[in-house]
Amino acid sequence: MGTGGGRAGRRGGRVVRRLSLILVALAVALIVAGCADEHPLDTLTPAGPDAEEINDLFFPVLGVAIIVFFLVQGAIIYLAVRYRARRRAAAAAAGTDGDESDDLYGDEEYPEQVHGNLRLELAWTIVPTILLTVISVFTLISLVELNKVSAAEDDLRVTVVGQQWWWEFQYHLDGDTETPPDIVTANEMVIPVGQQVPLEITSRDVIHSFWVPRLNGKKDAVPGRTHPWVIEADEPGRYMGVCQEYCGLSHAYMRNYTVVLTQAEWNEWVEGQLVDAVPLEPGDPGYEGQEVFLANCANCHVVNGVTDVNLDGVPDGMDDYDGDNGDDDITSALVAGAAPNLTHLASRTTFAGSIFDLYEDRAKRIPYLEVAERGYLNRGDLEAWIRNAPERKANDADGARGMTAFPGLSDGEIDALVEYLTTLR
Ligand code: HEC
Ligand SMILES: [Cu+2]
């Protein structure tokens, strides 16, 4: 080899070293990201029967794919090595320096060329056909399983509404999704352990997709349609979910949590959520904040029992909660057409598409039901959000989506608002 080859070799070495550095960095980043949350977006640790069903399909298919991969790659490598051009031998035979590619083989024979070998062609048509047929049969069986609803007609059902860029959960305790919901909450869906909860997934604006990887597969949320889905968890815990369909600017900040409680805890949670907020009187802690809230926030946010029905602030088309493309009557509009229902904000642990913790350290060690009582409020993020939400989470330029900024509020008013919000348990 000449000097040119040596330089190329050194350059090659550097590229390999750099590549392996990048790979190591990637691996470390993945491991660190995996440790950051005790319940990451992990499809490989299913926590409910539906996710297990998917996993039970995934691993055998992966096994088949790995075998096929090694057979095909092995054959390619074998053939490439076995029939490589023997440059140096050819060059020696031809008496040249080996760079004349038109004379690659010299006196050597080309390998025997195979055309139209019936047995071979039948084999590589029939084998994949059988493989894919078997896989598709098992896939269909899994699909049927995943769409089975074992819950009774009058069991709990939850309508899941995606919108730019947060999730609303509307609870129908009697399973009747035609009537206005009993509970409306945002970003955290609280369900009882070991019970299948049928979902109806829809959207108020563009197409989103509801996905809680440890509990079930993805289901699209499409405006004007409701897609049936189910969710069920084997163990109490907190399972992260994301929007899985690119839906605009803050798509990456449209997360949610499925919070799974024991049956007794869940009953307690429901009881708490069914209670309306009580309008505060002068002298009550939080009263000043309530006044600021009613003046600035209540045209978008509903606090059951406190805010009047006022749809003036609701952009056109967003007061259509059942997705039939017509404005709904006032009762159904009560379920917060434009913004998260804040009646029980302080009972949640995250806000704004679950991207901010409402309590320090996401209150991991405190039981969910005690978080409003014992959690340490994440005042910094909450105040920053109220002051200038678009700065914390981008919304679209004409302000038709997301929360507006309130540059006019004084520090005292923000403090009062925060104090009021913490009374909404
Ligand atoms: C123009 C309508 C609008 C107004 C007015 C408004 N908000 Fe919001 N607010 C929203 C929307 C939309 C969201 C959801 C944004 C997101 O998650 O991306 C939101 C989210 C929130 C959240 C997080 C709720 C959750 O569960 O995720 C809080 C807290 C909040 N707003 C407080 C306020 C306060 C306090 C005011 C008055 C100073 C106010 N908002 C005024 C539209 C509004
Ligand atoms: Cu989305």
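Just so you know, ligand 1 is whichever comes first in the structure, and atom 1 is the first atom listed for that ligand. Residues: numbered from 1 along the sequence shown.
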Show which side-chain atoms of residues 123-134 pair as donor or acceptor with protein atoms under 3.5 Å away, not counting sequence neighbours.
from: Thr125; atom 1: OG1; to: Glu121; atom 2: O; distance (Å): 2.7
from: Thr129; atom 1: OG1; to: Thr125; atom 2: O; distance (Å): 2.5
from: Thr133; atom 1: OG1; to: Thr129; atom 2: O; distance (Å): 2.5

N/O separation below 3.5 Å, Arg348 to ligand 1: yes

Side chains of Glu200 and Thr159, donor plus acceptor under 3.5 Å: no

Ligand 1 versus Arg401: contacting region, heavy-atom distance under 4.0 Å: neither

Rounded distance (nearest 0.5 Å) linking atom CG of Leu421 with atom CH2 of Trp385: 12.5 Å

Asp357-Thr350 side chain donor-acceptor pair, cut-off 3.5 Å: no

Residue of the set Arg348, Glu188, Glu265 for which side-chain hydrogen bond (donor to acceptor under 3.5 Å, both in side chains) holds with Tyr368: Glu188

Ligand 1 contact on Gln164 by region, counting heavy-atom pairs under 4.0 Å: neither

Per atom 22 (C) of ligand 1, closest listed option by heavy atom (Trp385, Trp165, Phe351): Trp385

Residues Arg225 and Asp220 bridged, charged N to O under 4.0 Å: no

Metal-centred angle, atom 8 (Fe) of ligand 1 as apex - NE2 of His301, SD of Met403, 10° resolution: 170°

Atom pair CD1 (Ile191) and CD (Glu232), whose distance is rounded to the nearest 0.5 Å: 8.0 Å

Mode of Asn395 contact toward ligand 1 - side chain, backbone, both, neither (heavy atoms, under 4.0 Å): neither

Polar protein atoms near the Cu ion (ligand 2) [N, O or S; cut-off under 2.8 Å]: His208 ND1, Cys243 SG, Cys247 SG, Met254 SD

Val292, portion touching ligand 1 at heavy-atom distance under 4.0 Å: neither

Non-hydrogen side-chain atoms of Val306 and Leu294 separated by less than 4.5 Å: yes

Side-chain ion pair, Lys148 and Asp50, N-O less than 4.0 Å: no

Ligand 1 contact on Thr350 by region, counting heavy-atom pairs under 4.0 Å: neither

Proximal candidate to atom 41 (C) of ligand 1 [heavy atom criterion; set Phe406, Phe356, Trp166, Tyr253]: Phe406

Nearest neighbour of atom 34 (C) of ligand 1 from the list Gly289, Ala352, Ala394, Cys297, on a heavy-atom basis: Cys297

Gap separating the CG atom of Leu173 from the CD1 atom of Ile183, nearest 0.5 angstrom: 5.0 Å

Test of proximity, Asn299 against ligand 1: N or O pairs below 3.5 Å: no

Heavy-atom proximity to atom 2 (C) of ligand 1, best of Cys300, Gly408, Pro340: Cys300

Donor on one side chain, acceptor on other, Arg401 and Ser250, under 3.5 Å: no

Asn296 N/O to ligand 1 N/O under 3.5 Å: no

